[in-house]
Amino acid sequence: MKKREFDVIILGATGFTGRLVAEHLLATYGVSGSLRWAIAGRNPEKLGQIKQALGPGADALPIIVAESHDADSICALVKRTQVVASTVGPYSIHGNELVAACARFGTHYCDLAGEVPWIRRMIDAHSGVAKRSGAVLVNCCGFDSIPSDIGVWFMQREAQERFGQPLQKIHFCVEDFSGGLSGGTAASMMEVIEEARGDRRCARLLMNPYSLNPRNNASGLDQRDAVGFGHDEILDTWVAPFLMAGINTRIVRRSNALLGNAYGKDFRYAEYLGTGSGPTGLLKAAAVSGAMATLFVSAAFAPTRALLKRFALPSPGEGPNEKERNDGFYRIVLAGMDAEGRVLRGEVTGDRDPGYGSTSRMLGEAAVCLSNLDTDTEKTPGGFLTPAAAMGDALLDRLQRNAGLGFEIKSQLD
């Protein structure tokens, strides 16, 4: 790609998560250094306030005014930068024009989308254009789904080095965390549920474990995501459904397909929330499973969905204070088994709350990584890729150096 005025533009910088991404880029790369970046949004006054709030180091930070539903302003924005990092969700409402423009003008793109039907529509509508222009478009660059996707990439890389073959199945388990659901994630979840209630095709996509795979590689051994509780033998813990499994598992399966079935044609993947061992773990798993069922039943009907939005779920733009973000953390266990029965256990850890502190840094590093595709990785083809398929080891390295994530093998059983 020919060099443009900026390496990265953060669209949605006046929102809560967008501001955190800007804080991360400022603290990590400065303004007048090697990374040429800017903040963008629809309100110039609010952009100025954000710039001022970032502190004296942001004096030279450029501001760009663009509105997500104004095609002309969006086209003008994407022509100026190598990469757009978007925090403007729900993406099914605010993301269409931006994705179309990036695909058309060869601008790389990353976001925090967790909306399976919308991602499928964008792939179907713009994949051909993006491949021709060279634009690399990567959805799900926050807590959903980087720990899952890059975690599996890391586990499979280690399995190849240790065993000479991939892990035939991997189970992902959130064992411990501190931090809540982000307002943007909650809004996107409600938007998907509302769409599925009125569109059977959307509902079928949500039920299909391979709904984000390329059309010519859209089948496998996995079934529906877990809806109840049970005991997982590989993880050796009681488990309950994990809220983000519906998007994470599909991104991991898409990665395998895009990588030429590097994990194997018979690769299986599942995600859970771990609740511990013994009777206490069983009771916790049952309680979490019941709470999840209540949440989704309540969200399926308009009156109770409205109550959830108003009283139970965080609103977009809201978030924890700095101390709460910094005190947050998460620990994920990944346990895999190869065709010979050998087991590998690893961990993915984050040193900030998953919904905001860690997510904002993951998105920022994904954007910087995309802006360095020609130097950090081999030539990457255009199109809709995943974090692992687009960036792989280059992103893994950046996450560990700059985003507070850890990836570690804990045990090996031959």
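Nothing fancy with the numbering, it's 1 onward along the sequence. Side-chain atoms are counted along with the backbone in the values below, which use heavy atoms only and exclude waters and symmetry mates.
- Of the N and O atoms on the side chains of D338 and Q168, not one donor lies less than 3.5 Å from an acceptor on the other residue.
- Looking only at side-chain heavy atoms (C-beta outward), V239 and T275 stay at 4.5 Å or farther from each other.
- The shortest side-chain heavy-atom distance between W153 and S255 does not fall under the 4.5 Å cut-off.
- With sequence neighbours left out, R204 forms a side chain to side chain contact (heavy atoms under 4.5 Å, CB included) with R200, R201.
- The CD1 atom of I74 sits 5.5 Å away from atom CG of L11, with the distance rounded to the nearest 0.5 Å.
- No donor-acceptor pair closer than 3.5 Å links the side chain of T28 to the backbone N or O of L25.
- Here the side chains of F329 and D353 are not in contact, with every heavy-atom distance at 4.5 Å or above.
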message: Pair R120, I123 - check side-chain contact (heavy atoms from CB on, under 4.5 Å), show working.
response: CA-CA 5 Å; R120 182 74 258 175; I123 292 171; 3.4 Å; yes

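- Remark: the E271 side chain and the H171 side chain contain no N/O donor-acceptor pair separated by less than 3.5 Å.
- Contact record, S289 with G228: OG-CA, 3.5 Å, taken as the closest heavy-atom pair.
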- request: Check step by step if side-chain contact (heavy atoms from CB on, under 4.5 Å) holds for M155 and L344.
  value: CA-CA 8 Å; M155 291 288 289; L344 200 62; 4.2 Å; yes

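- Counted within 6.0 Å of CZ on R104, heavy atoms from surrounding residues, nucleotides or ligands total 12 or fewer; the atom is thus considered open.
- At a threshold of 4.5 Å between non-hydrogen side-chain atoms, the residues L112 and Y91 count as touching.
- F143 has its ring centre less than 6.0 Å from the ring centre of Y330.
- Checked by atom type, the side-chain pair D236/S277 shows no donor-acceptor distance below 3.5 Å.
- Atom OH of Y356 is separated from atom CG of N321 by 12.0 Å, given to the nearest 0.5 angstrom.
- For the pair H24/E365, a side-chain contact is recorded, criterion being any heavy-atom separation below 4.5 Å from C-beta on.
- Between the side chain of Q156 and the backbone N or O of L167, at least one donor-acceptor pair lies under 3.5 Å.
- N261 and Y263 form no side-chain donor-acceptor contact under 3.5 Å, judged by distance and modelled atom types alone.
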- prompt: How far apart are the C-alpha atoms of F384 and L258, what are their side-chain angles, what is the distance that settles it, and do they pass the side-chain contact (heavy atoms from CB on, under 4.5 Å) test?
  reply: CA-CA 10 Å; F384 284 82; L258 292 173; over 6 Å; no

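- Nearest heavy-atom pair, L363 versus S86, reported as atom, atom and distance to 0.1 Å: CD2-O, 4.2 Å.
- The two residues L26 and L54 come nearest to each other via the heavy atoms CD2-O, 3.6 Å.
- No donor-acceptor contact under 3.5 angstrom links the side chains of E5 and T81, judged on distance only.
- Ion pairing between a basic and an acidic side chain is recognised when a charged N comes within 4.0 Å of a carboxylate O; R331 and D351 show no such pairing.
- Checked by atom type and distance alone, the side chain of E115 pairs as donor or acceptor with a backbone atom of S92 at under 3.5 Å.
- Distance check: K46 NZ to I63 CD1 gives 14.0 Å after rounding to the nearest 0.5 Å.
- For the atom pair OG1 (T386) and CG (L259), the distance works out to 6.5 Å, reported to the nearest 0.5 Å.
- For the ring pair (Phe, Tyr, Trp, His ring centres under 6.0 Å) condition, the pairs that include at least one residue of residues 200-235, sequence neighbours left out, are H231-W238.
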query: R250 and D225: salt bridge (charged side-chain N to carboxylate O under 4.0 Å, His left out), yes or no, with the steps?
result: CA-CA 10 Å; R250 285 153 181 79; D225 298 312; 2.8 Å; yes

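- Looking at D393 and R157, a side-chain N of the basic residue comes within less than 4.0 Å of a carboxylate O on the acidic one, giving a salt bridge.
- Taking all atoms of both residues into account, the shortest heavy-atom contact from F267 to N256 is CB-ND2, 3.9 Å.
- Looking at S358, its side chain never comes within 3.5 Å of a backbone N or O of G350 through a donor-acceptor pair.
- Around the CD atom of Q223, the shell of radius 6.0 Å holds no more than 12 heavy atoms that belong to other residues, nucleotides or ligands.
- The pair R254-D149 does not count as a salt bridge, with every side-chain nitrogen at least 4.0 angstrom from each carboxylate oxygen.
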- prompt: Stepwise, does the side-chain contact (heavy atoms from CB on, under 4.5 Å) test hold for W37 with V368?
  reply: CA-CA 10 Å; W37 63 285; V368 175; over 6 Å; no

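- Interatomic distance, E97 CD to D72 CG, rounded to the nearest 0.5 Å: 11.0 Å.
- No side-chain N or O of N248 forms a donor-acceptor pair with one of D144 less than 3.5 Å apart.
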- prompt: Do D124 and R215 pass the salt bridge (charged side-chain N to carboxylate O under 4.0 Å, His left out) test, and can you show the C-alpha distance, the side-chain angles, and the key distance before you say yes or no?
  reply: CA-CA 9 Å; D124 292 343; R215 297 293 190 187; 2.6 Å; yes

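- L273 is listed as a side-chain neighbour of F177, based on a closest heavy-atom distance under 4.5 Å.
- Taken from CZ in F6 to CG in L77, the straight-line distance is 9.0 Å, to the nearest 0.5 Å.
- With a 4.5 Å cut-off on side-chain heavy atoms, L405 and I150 do not count as touching.
- Both cation-pi conditions hold for R19 and F16: the charged atom is under 6.0 angstrom from the six-membered ring centre and inside a 45 degree cone around its axis.
- Between A240 and A285 the shortest heavy-atom distance is CB-O, 3.7 Å.
- A donor-acceptor contact closer than 3.5 angstrom links the side chains of R352 and N326.
- Side-chain N or O atoms of H126 include none that pairs as donor or acceptor with a backbone N or O of A103 at under 3.5 Å.
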query: What do the steps show when you test W118 against N96 for side chain to side chain donor-acceptor pair (under 3.5 Å), and what is the final call?
result: CA-CA 9 Å; W118 178 75; N96 298 324; 2.7 Å; yes

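- Between L395 and I146 the shortest side-chain heavy-atom distance falls below 4.5 Å.
- Of the possible polar contacts, one joining the D222 side chain to the Y269 backbone as a donor-acceptor pair under 3.5 Å is found.
- Between the side chain of E340 and the backbone N or O of R342 there is no donor-acceptor pair closer than 3.5 Å.
- Heavy-atom minimum distance, R4 versus T107: NH1-OG1, 2.5 Å.
- With respect to F172, the side chain to side chain contact (heavy atoms under 4.5 Å, CB included) criterion is satisfied by exactly one of V348, L235, L334: L334.
- In terms of modelled atom types and a separation under 3.5 Å, the side chain of S145 and the main chain of S148 share no donor-acceptor contact.
- Dense packing is recorded around CZ of R162, with more than 12 heavy atoms of other residues, nucleotides or ligands lying under 6.0 Å away.
- Taking the charged nitrogens against the carboxylate oxygens, R36 and D7 do have a contact shorter than 4.0 Å, which makes a salt bridge.
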